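Since this is a predicted model, take the numbers as computed values, not measurements. Each chain gets a letter, A, B and so on, in the order its sequence line appears, and its residues count up from 1.
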Amino acid sequence: MSTVEIDSISRTEIMIGAITRMLQGLRHVAVGNSSPIPGSAALLARALSGGELRVSLLGSRTHNAFTDGGRELFDCAAQGRIDAFFLSGGQIDGAANINLVGLGDYPQSKVRFPGSFGSAYLYHLIPRVILFREEHTPRTLVPKVDFISAAGTSPENEYRPGGPYALVTGLCVFSFDKNACRFRLQSTHPGIGPAEVKEATGFEYAAPEHIPTTEPLDSAALRLLRTEISRQVAETYPGFAAKTWGVVI
Amino acid sequence: MSTVEIDSISRTEIMIGAITRMLQGLRHVAVGNSSPIPGSAALLARALSGGELRVSLLGSRTHNAFTDGGRELFDCAAQGRIDAFFLSGGQIDGAANINLVGLGDYPQSKVRFPGSFGSAYLYHLIPRVILFREEHTPRTLVPKVDFISAAGTSPENEYRPGGPYALVTGLCVFSFDKNACRFRLQSTHPGIGPAEVKEATGFEYAAPEHIPTTEPLDSAALRLLRTEISRQVAETYPGFAAKTWGVVI
Amino acid sequence: MHAADMVIGLDDLVARIPDGASIAIPPDYSGCAMEAVKALIRRGCRDLHLIGVPSGGFQADWLIGAGCVASVEAAAMTLGEQGIPPRFSAAIRKGRIAMKDATCPAIHAGLQAAEKGLPFMPLRGILGSDLLKYRPDWKVIDNPFGGGDDPIVLIPAIQPDIALFHARAADRNGNVWIGVRRELMLMAHAARTTLVTVERIEDADFLTDDTMAAGTIPALYISAISAVPGGARPIGLAGAYPADTAELAAYAAAAKTEDGFQRWADEAIFGRVPA
Amino acid sequence: MHAADMVIGLDDLVARIPDGASIAIPPDYSGCAMEAVKALIRRGCRDLHLIGVPSGGFQADWLIGAGCVASVEAAAMTLGEQGIPPRFSAAIRKGRIAMKDATCPAIHAGLQAAEKGLPFMPLRGILGSDLLKYRPDWKVIDNPFGGGDDPIVLIPAIQPDIALFHARAADRNGNVWIGVRRELMLMAHAARTTLVTVERIEDADFLTDDTMAAGTIPALYISAISAVPGGARPIGLAGAYPADTAELAAYAAAAKTEDGFQRWADEAIFGRVPA
């Protein structure tokens, strides 16, 4: 195992830091497949909580306590035992709809994404669903998704204990306002201004006059992330850990 | 372990023999709790089949292959993987309705039976349900049960791959005619005549002119039952095995 | 929660069961927390709603005899070869407890609905049974996937306040090994609070052992654990110790009358030496 | 059936999969019968309906690339860190396969309905998703237990003709140990025919060992078994051997084009030495 030098905090680490903060005080967060940034944040948040936070990292063989097969995550969510989860999207729109299926007409998508996974269900059942997408461009954050894998909001009468809480990108953090059914710019990452975010965002969102900078991880947390946590991440996401921290297992 | 002498074939063994014959050629039979006579028959049929017949003996720790908890029997039945099952009743009526709940008005039964167990479900799903009741009297075989735990027949439109196949008592064997919705006297046990059966039966049934005698187990099968099988039975039904064969474990 | 906080004394464990709670208990052949039931009776618990998963046996009869029970939902009440639970049968005759008669798969279906956060689960069979008549909470709809005229029963979710059972072992993290007794896992998934007594607490992590993990309920679903060696006596515990059939028969005989039950309880539960 | 008759050669095993069969396969992290999939491709199998439980990965992409697949139902198709399965994505673009997009719990619910012999299972969520638009087989009803105006989705049963997977071990009676990978048990319960490759066949009876039994699929649900050591390579098998990431990456790179896939298949599947 070797670790390369990292001079300063990376964009990925800013995203991890922002998500880590959203998990404070929770009891149990689950992380799906193909979610290395949230996975890193969850493992870091667990370490910072002194073990109070449970993390179920799907696809991991060691950070996954489930013993009832593939269905357990979904049952567990419906039981109200999962406080937070993470979803991404090939496209995400201003009403927090996400598209994990493809671009263009369905089903013969001109660009096909992997598919909806559990999003159409978990988005409705887990109270704090954190959206994440590193690429923040008008191509990914669009006015309206081509295919709704999972809907951002639901009519009042529908059973929906869960829903979107925030959207973390490579440029900023949005919170989601369920009543207004739109995002609100919460903070911009170090070195990024509100104008850059506006330029890069394909949907309308609320923005207060004063927008703070996304607070980076403090140096102790950053050190923890780059040492112990990065190695935990590498077990499930070897490619990601190698690219981000030079961790090779 | 000790075995007492038994001079001749007992009524219980006649019942076991009659049931054993009904299990020939089947792939899988399950036996519920509180079913020592069918359990003995199933274990004997398995031995006679040279292991072709699978037996799932609920309540047994060794003759029970289920690994998915209490629900597995019911799921397995619905999958069509169980060919035969056994039900009894505090009362059984001429339409093959069974009462496992109690006598008199419900719910304040003047005599309370244990309850319906899985009968209301399994009776509908398992093709060959064999009813058994050692006590053959107008008190147990009645014109109409006080409470229908599980219905003998269903309207044509209802989903019902399963249902009653026969009724084995201490006096005789009835087969069940689904179209006529009534029992038919198939054979009387050695030493019992049709008149005795008629006297003892509270419901109407069809009876052909010539009624054969229930064929007892041949001596090899009887020997097997009294030796190896009786010890297997004792694991789950120690009281029954002690009473019937003097087997003490 | 830290695993260390999960392990508590038996009296503290049963203190988590409020009067009036709905409480799911396993059948006699699964893993019965008999010592916990005794402690619950000593506490003078009242108005429980018992849910037999799917049936009730000695535990239920003890609780009914001691006046702890207002109502029961079960597919059957049985002491196995010892016959009908005598205190249950007397309570029914006198109308002292309310009985919701069910059928085994309906109990499993209701718990699975709760496990899945669903309002109901469909279930085949049952049609034509008088059970349906007395269960207005069970509904019949026409199968939306059928050709019409295909009635099917829907069973509403059963979410117990408490699941209470006994198991062979817990580990240092609060994971509980139950082996093939998956109905205990179902109970833990479905219930709001899961209380477990175990033979022993091992200094191990069952979840890191592939073989043990397969039969383990993760601590996530466990609220509190007490170490109670012999906690399933006299019912017995598979793989640990057999039933004490003499003691079970003695109970069944004694409990035939209310006085007999009281004398039995005085000695067996309250530890009072008979005069 | 006698256990001895259950153990057959790999070619005989895949001969049980008829052209046109619906076949359930596990996700890459569970237990994938990669060698069996190769044998199926060598046989020239056609018109399969693949069911990803709940997703499809390398197995699915190999079969699609080799022209064995008519349609796919899955919640996702992914090679994990290797991205989108390239032959799947090309087949979609060209309209060569029919895709039934699902969501993970809907696949599990459909299989559980089949496991229970039910026509359907209810499932929360999904409302508002375009998945519903393209799944006329999914129905929405008003929850009969709600106060009215509480729509809920019903998922029809998914009963695969075949379940195909790889596991660590079978015993001499045909019981298969799968540990915590209970989705394999669900597949075996739900499918008409279950075909399994295993690392080894042990001279043991897993069901008589309390610890092993907890993670065992009884032979009752298993149709045939082949002993294929390394049968999950290059995906890997938990507790046995890791993924061969270099080989997986090489596949993902090669399969970007149809020609690249053919060259890869010639060598990796048909064992032809490249010219």
(message) Less than 4.5 Å to any heavy atom of chain D: does that hold for the side chain of Tyr123(A), its backbone, both, or neither?
(response) neither
(request) State whether the number of non-hydrogen atoms from other residues, nucleotides or ligands found under 6.0 Å of Arg11(A) atom CZ is greater than 12. (result) yes
(message) Please identify, among Pro155(A), Ser154(A), Pro238(A), Gly162(A), the residue contributing the most non-hydrogen atom pairs under 4.5 Å to chain D.
(response) Pro238(A)
(message) If we define contacts as heavy-atom pairs under 4.5 Å, which of Gly125(D), Gly56(D), Ala106(D) has the most with chain A?
(response) Gly125(D)
(request) Check whether Arg71(A) gets within reach of chain D through its side chain, its backbone, both or neither, counting any heavy atom under 4.5 Å. (result) both
(message) Quick check: closest heavy atoms across Ser129(D) and Ser149(A), and the distance to 0.1 Å?
(response) OG-O, 2.8 Å
(request) Evaluate the ring planes of Phe147(A) and Tyr134(D), with Trp represented by its six-membered ring, and classify them as parallel (under 30°), tilted (30 to 60°) or perpendicular (over 60°). (result) parallel
(message) So, taking the atom named CD in Glu72(A) and the one named CD in Glu183(D), what distance separates them when rounded to the nearest 0.5 Å?
(response) 10.5 Å
(message) Test your reading of the model: is there a side-chain donor-acceptor pair from Asp149(D) to the backbone of Asn157(A), 3.5 Å cut-off?
(response) no
(message) Non-hydrogen contacts under 4.5 angstrom with chain D: give the residues of residues 106-121 of chain A involved, or none if there are none.
(response) Tyr106(A), Pro107(A), Gln108(A), Ser109(A), Lys110(A), Arg112(A), Phe113(A), Pro114(A), Gly115(A), Ser116(A), Phe117(A), Gly118(A), Ser119(A), Ala120(A), Tyr121(A)
(message) Is Lys94(D) close to chain A through its backbone or its side chain, or both, or neither, when contacts mean heavy atoms under 4.5 Å?
(response) backbone
(message) With a sphere of 6.0 Å drawn around NZ of Lys178(A), does it hold more than 12 non-hydrogen atoms of other residues, nucleotides or ligands?
(response) yes
(request) Tell me, out of Arg124(D), Met99(D), Gln112(D), Arg93(D), who's got the most heavy-atom pairs with chain A below 4.5 Å. (result) Arg124(D)
(message) At a 4.5 Å cut-off on heavy atoms, which part of Ile84(D) comes close to chain A: side chain, backbone, both, or neither?
(response) side chain
(message) I'd like to check Asn33(A) versus Thr78(D) (side-chain heavy atoms, cut-off strictly below 4.5 Å). Are they in contact?
(response) no
(request) Go through the steps for Tyr159(A) and Asp150(D) under the test side-chain contact (heavy atoms from CB on, under 4.5 Å), then give the verdict. (result) CA-CA 7 Å; Tyr159(A) 178 81; Asp150(D) 175 16; 4.1 Å; yes
(request) Could you tell me which non-hydrogen atom of Glu158(A) sits nearest to which non-hydrogen atom of Pro151(D), and how far apart they are? (result) CG-CG, 3.9 Å
(message) Need one label for Pro36(A): side chain, backbone, both or neither, based on atoms under 4.5 Å from any heavy atom in chain D.
(response) neither
(request) Please flag which part of Ala102(D) lies under 4.5 Å from any non-hydrogen atom of chain A: side chain, backbone, both or neither. (result) backbone
